[in-house]
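Heads up: numbering here begins at 1 and tracks the sequence.
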Amino acid sequence: MAEPGRRLAEAVAVVLGVSVLVFVATSALPGDIVRARLGPYATAEQLRAERVRLGLDQPVWERYGHWLGGLLRGDLGRSQTNDLPVTTLLSRPFVNSLTLAAVALLVVTVLGTVAGVLAGLRPGGLADRVLLVGSLTVSAIPAFVTAALLVALFAVRLHWLPALALVDPRHPVILQPRLLALPATALILSTFAYVTRLIRASVLDAAATPWALAAALRGVPRWRVATRHILPAALPVVCQAAALTSIALVTSVVVVEIVFSYPGIGGALQTAVSQRDVPVIQAVTVVVAVFVVTVNALADAAMYLLAPKSRRSR
């Protein structure tokens with residue numbers, strides 16, 4: 001029980017540290033949100049009253065305490081540009097982004113695992129060389145360039161898919177697959193090589209273990225060696241690959257969403273930065289940090305349960 005407890009304490013410490021850094025950094029952003037809200041003709045009394053109403057007259061440490069207390073209660077604050085609850089503003093963009101990332105994660109995990117296993121079972125073969133060269137070539141291209149190329153090919157040239165993801169807010173985005181196709185493909189291509197290489201390396205390591213080699217020497221069919229010895233040993237790495245890929249998708253999804261005008265956290269963050277809407281910026285950053293820490297913790301737990309040898313070594 002000591003190991004999970006230590007991991008939990010580390011996760012809480014990381015989130016707390018991120019919250020401090022985010023709050024201090026956003027508080028130091030240039031510009032005056034009060035002046036932007038009230039306009040250039042506001043009087044000094046109006047500006048002072050608005051700062052008091054927004055709590056900007058308080059010291060940074062006191063404002064951080066109020067903000068952190070709100071986070072612990074599930075209150076992300078209110079937008080400084082339209083005075084709406086941040087939770088209301090970000091609920092739909094977060095759902096849209098999670099849907100896009102989940103679709104991409106599911107597809108890239110399945111395809112990357114299959115490709116990695118095929119490449120690892122026959123290293124140096126035609127499939128191995130084609131998969132590695134092709135995936136590395138695609139992954140070397142930045143995500144926003146891949147997105148632009150997909151638009152040029154499938155939207156402009158072939159007219160198969162829309163260039164912009166103009167989501168109908170009346171229906172869940174998962175029910176609008178044509179709008180998800182290009183953004184999800186851009187995310188899949190940007191992470192496919194990593195998943196494939198990680199699974200391939202795991203399969204190669206598992207194939208070199210004494211029990212797999214002994215089974216092969218005894219004449220056990222290759223497919224049986226793979227299913228009974230190699231693939232079970234590679235399963236923890238699949239969980240690790242899915243976790244690390246989901247973290248990479250969260251960072252890439254912001255750029256891809258902006259390219260396709262997809263209504264997710266990317267657009268919400270871009271708007272908040274342009275308007276200097278500090279509570280929205282803080283909320284997006286902290287929620288993403290919590291997501292990353294949570295995914296890492298779940299991946300550690302999966303490895304802890306699926307890899308008893310590593311658990312005993314600790």
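Both V18 and V15 are part of a single hydrophobic cluster, where members link through side-chain heavy atoms under 4.5 Å apart. There is no path of hydrophobic side-chain contacts, each under 4.5 Å, that joins L204 to I199.
Considering only heavy atoms from C-beta on, L179 stays 4.5 Å or farther from V173 through its side chain. Between L76 and V286 there is no side-chain heavy-atom pair separated by less than 4.5 Å. Here the side chains of I174 and V103 are in contact, with some heavy-atom distance below 4.5 Å. Residues L100 and L187 are in side-chain contact: their nearest non-hydrogen atoms beyond the backbone lie under 4.5 Å apart. Residues Q80 and V278 are in side-chain contact: their nearest non-hydrogen atoms beyond the backbone lie under 4.5 Å apart. In this structure, the side chains of R78 and P279 stay at 4.5 Å or more apart for every pair of heavy atoms. Side-chain atoms of V256 and F144, non-hydrogen and from C-beta on, never get closer than 4.5 Å to each other. Contact check for E45 versus R48: side-chain heavy atoms found under the 4.5 Å cut-off.
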Please walk me through it: do N82 and S79 pass side chain to side chain donor-acceptor pair (under 3.5 Å)? CA-CA 6 Å; N82 52 29; S79 169; 3.1 Å; yes
Stepwise, does the side-chain contact (heavy atoms from CB on, under 4.5 Å) test hold for Q270 with V273? CA-CA 5 Å; Q270 183 186 35; V273 170; 6.0 Å; no
Given side-chain contact (heavy atoms from CB on, under 4.5 Å), test D277 with T271 step by step and report yes or no. CA-CA 8 Å; D277 197 343; T271 302; over 6 Å; no
Would V253 and Y262 satisfy side-chain contact (heavy atoms from CB on, under 4.5 Å), going step by step from the backbone distance to the final call? CA-CA 10 Å; V253 76; Y262 184 83; 6.0 Å; no
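Checking side-chain atoms of R200 against main-chain N and O of V195 turns up no donor-acceptor pair under 3.5 Å. Remark: side-chain polar atoms of S202 are not paired, donor with acceptor, to backbone N or O of L198 under 3.5 angstrom. With R73 contributing its side chain and G69 its backbone, the two residues share a donor-acceptor pair below 3.5 Å. The main-chain N or O of P169 is found under 3.5 Å from a side-chain atom of R92 such that the two form a donor-acceptor pair.
How far OG1 of T245 is from CD1 of I188: 11.5 Å, rounded to the nearest 0.5 Å. The CG atom of L244 lies 3.5 Å from the OH atom of Y194; values are rounded to the nearest 0.5 Å.
T137 approaches V133 most closely through the heavy-atom pair OG1-O, 2.7 Å. Residues L164 and S261 come closest through the heavy atom pair CD2-OG, 3.7 Å.
The side-chain hydrogen bond (donor to acceptor under 3.5 Å, both in side chains) pairs that include a residue from residues 95-116 are S97-E257, where partners are two or more places apart or lie in different chains.
Considering only residues two or more places apart in sequence or on other chains, F23 meets the ring pair (Phe, Tyr, Trp, His ring centres under 6.0 Å) condition with Y64, W67.
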